[in-house]
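Each chain gets a letter, A, B and so on, in the order its sequence line appears, and its residues count up from 1. Reckoned from all heavy atoms, side chains included, excluding hydrogens, waters and symmetry mates.
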Amino acid sequence: MPSPATTQDTDWALAQAVLARDRKAIAEFVMLCSDPLYRYIRSRLQPRLEFVDDLVQDVFLTAWRSLPQYRGQSPLKSWLLGIARHKVEDHYRDRLRDLAVPDDATETIPEPAPGADFALDQARSAAATAAILAALPEPYRVVLLWRYWEQRSAEEMATLTGKTPKAIERLLSRARQEFRQQWLTKPQEATR
Amino acid sequence: MNEELWFAQLADETPLETAIPAPSCLKSLVYSHLISEAETEGPLLPLPETKAAGRGLCVFEHLIEILPVGAPLQNFQYCKICHARVLGERVEQAPIFWPCCPYSEFQNR
């Protein structure tokens with residue numbers, strides 16, 4: 001008895017049909033991947049939604065050109081999200097490069113150890129986190145998303161933006177401080 | 001808890017993705033761009049081969065498929081001159097209901 005086709009088998013077949021320029025397969029490819037891709041990119045760029053559509057189109061075009069390298073080892077959606085992660089990082093890099101981040105690291109900002117009232121309340125954390133991130137100044141939001149959601153180190157971010165690690169650390173420190181203040185002072189407002 | 005760890009845990013436990021689907025206009029534009037890109041690399045797969053692979057044709061494509069026309073007409077992307085594409089690229093929840101029309105399937109209904 002033949003074993004049931006896995007997602008990877010189905011996705012591999014779809015990728016081959018797309019490469020054969022089957023117009024309906026191309027439509028199926030767009031249907032399959034556009035929603036998760038859009039959700040990911042939107043979540044990483046919010047509230048600057050004006051960049052989202054261009055980035056989604058850019059990811060699809062890059063995927064189209066790279067499709068001959070797709071080996072079917074992961075689902076197509078995951079493969080496309082991998083491309084999207086790189087595009088989002090390129091976007092962060094460009095945004096941070098364009099912003100004036102002071103390079104002298106003489107000033108240090110003390111970071112108090114979070115107390116009990118800083119504890120993570122999971123019921124409110126997702127909505128509050130999204131709301132606070134959206135309200136932060138752009139450099140703070142970008143640096144926090146890049147560091148904690150995309151898990152890049154300060155050194156990597158410094159290399160990619162052409163800034164010093166100290167400058168990135170200082171920006172991170174200020175961003176954390178601003179986030180923390182908003183988390184502590186107006187959590188209810190943030191979840192509304 | 002150390003602040004660095006707190007932020008790492010926060011990011012780990014709060015994926016920021018929402019349930020919002022991609023706008024249908026965006027899906028339509030992406031599809032049109034990919035088709036244009038495909039056409040720069042060579043002719044599209046002929047309609048009979050698309051049908052043989054189990055993918056449905058819209059009413060207009062079906063008409064072309066049964067007409068005694070040559071390969072250039074079989075390969076032509078008829079969406080380029082179809083009202084459904086124009087509506088799909090410009091209007092959310094566009095009133096397109098043709099079966100097997102990509103621009104109809106992109107609508108978030």
Side-chain angles (χ1 to χ4, degrees), chain A residues 13 17-31 33-44 46 52-53 56-57 59-61 63-65 111-115 118-120 122 125-130 133 144-145 147-151 172-173 175-177 179-180 183, chain B residues 1-39 41-47 49-58 61 75-79 100-106 108:
Chain A
V18 170
L19 286 171
R21 296 188 290 279
D22 180 332
R23 64 199 90 191
K24 296 306 168 90
I26 295 173
E28 204 177 314
F29 175 54
V30 174
M31 280 294 286
C33 300
S34 53
D35 285 343
L37 187 62
Y38 178 81
R39 285 173 185 142
Y40 168 73
I41 292 178
R42 185 186 162 103
S43 73
R44 293 306 189 263
Q46 212 156 20
V52 175
D53 287 10
V56 169
Q57 295 201 43
V59 171
F60 266 109
L61 276 178
W64 166 264
R65 289 168 190 151
E111 293 189 357
F118 198 52
L120 196 58
Q122 289 197 3
S125 64
T129 303
L133 282 172
L144 287 177
L145 284 168
R147 172 71 189 92
Y148 298 105
W149 275 265
E150 301 302 330
Q151 300 178 354
L172 262 172
S173 181
R176 282 193 298 257
Q177 186 184 42
F179 185 100
R180 193 173 58 225
W183 182 272
Chain B
M1 186 191 292
N2 167 300
E3 190 171 63
E4 183 74 14
L5 276 177
W6 187 86
F7 271 95
Q9 189 188 337
L10 182 72
D12 193 43
E13 294 180 359
T14 51
L16 299 171
E17 284 83 343
T18 61
I20 299 169
S24 60
C25 289
L26 177 59
K27 292 177 193 173
S28 300
L29 286 168
V30 166
Y31 176 64
S32 300
H33 286 172
L34 290 184
I35 290 288
S36 298
E37 195 77 5
E39 285 182 308
E41 295 181 10
L44 297 177
L45 196 69
L47 291 171
E49 290 183 43
T50 291
K51 190 178 172 186
R55 297 192 166 89
L57 304 182
C58 80
E61 290 166 333
N75 296 346
F76 186 72
Q77 171 65 347
Y78 287 93
C79 298
C100 300
C101 163
Y103 296 98
S104 171
E105 289 166 5
F106 293 149
N108 295 312

Identify, with sequence neighbours excluded, every residue that meets side chain to side chain contact (heavy atoms under 4.5 Å, CB included) alongside A:Ala13.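 With neighbours one apart ignored, the set is empty.
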Quick one, B:Pro23 and A:Tyr38 - any side-chain contact, counting heavy atoms below 4.5 Å?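 B:Pro23 vs A:Tyr38: side chains touch.
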Do B:Leu10 and A:Trp183 have side chains that approach each other closer than 4.5 Å (heavy atoms only, starting at C-beta)?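 Yes, their side chains come closer than 4.5 Å.
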Leading residue by heavy atom contact count with chain B [cutoff under 4.5 Å; candidates A:Phe60, A:Trp64, A:Tyr40]: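 Looking at each of A:Phe60, A:Trp64, A:Tyr40 in turn, A:Trp64 comes out on top.
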Has the side chain of [X] got a donor or acceptor atom that lies under 3.5 Å from a matching backbone atom of [Y]?
X: A:Asp35; Y: B:Ala22; value: yes
X: A:Trp149; Y: B:Thr14; value: yes
X: A:Arg39; Y: B:Ala19; value: yes
X: A:Lys24; Y: B:Cys100; value: yes

Between [X] and chain B, with a heavy-atom cut-off of 4.5 Å, which part of the residue counts as in contact: side chain, backbone, both or neither?
X: A:Leu145; result: side chain
X: A:Ala25; result: both
X: A:Leu133; result: side chain
X: A:Leu144; result: side chain

Test of understanding: with salt bridge (Lys or Arg N to Asp or Glu O under 4.0 Å), list the residues that count as partners of A:Arg23, not counting sequence neighbours.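 A:Arg23 satisfies salt bridge (Lys or Arg N to Asp or Glu O under 4.0 Å) with no other residue.
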Pick whichever of B:Gly42, B:Ala53, B:Ala8 has the most heavy-atom pairs under 4.5 Å with chain A.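 Top count of heavy-atom pairs under 4.5 Å with chain A: B:Gly42.
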Working for ring-ring contact (aromatic ring centres under 6.0 Å, His included), residues A:Phe179 and B:Phe7: CA-CA 10 Å; A:Phe179 185 100; B:Phe7 271 95; 5.3 Å; yes
Is a side-chain donor-acceptor pair under 3.5 Å present for B:Glu4 with A:Tyr148?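 Present: a donor and an acceptor within the cut-off.
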What is the distance from atom [atom1] of [X] to atom [atom2] of [Y], rounded to the nearest 0.5 Å?
X: A:Ser34; Y: B:Leu29; atom1: OG; atom2: CG; result: 12.0 Å
X: B:Arg55; Y: A:Glu28; atom1: CZ; atom2: CD; result: 4.5 Å
X: A:Ile26; Y: B:His33; atom1: CD1; atom2: NE2; result: 13.5 Å
X: A:Cys33; Y: B:Lys27; atom1: SG; atom2: NZ; result: 11.5 Å

Contact origin within B:Leu44 toward chain A - heavy atom pairs under 4.5 Å: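 B:Leu44 touches chain A through backbone and side-chain heavy atoms alike.
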At a heavy-atom separation under 4.5 Å, does B:Gln77 approach chain A through its side chain, its backbone, both, or neither?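 It is both, since atoms from each part get that close.
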Worked check of side-chain contact (heavy atoms from CB on, under 4.5 Å) between B:Val30 and A:Leu61: CA-CA 8 Å; B:Val30 166; A:Leu61 276 178; over 6 Å; no
Under 4.0 Å between a side-chain nitrogen and a carboxylate oxygen: does that hold for A:Arg21 and B:Glu39?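 Result for this pair is no, no salt bridge flagged.
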If the threshold is 4.0 Å, N to carboxylate O, is there a salt bridge linking B:Glu17 and A:Arg42?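 No, B:Glu17 and A:Arg42 are not salt-bridged.
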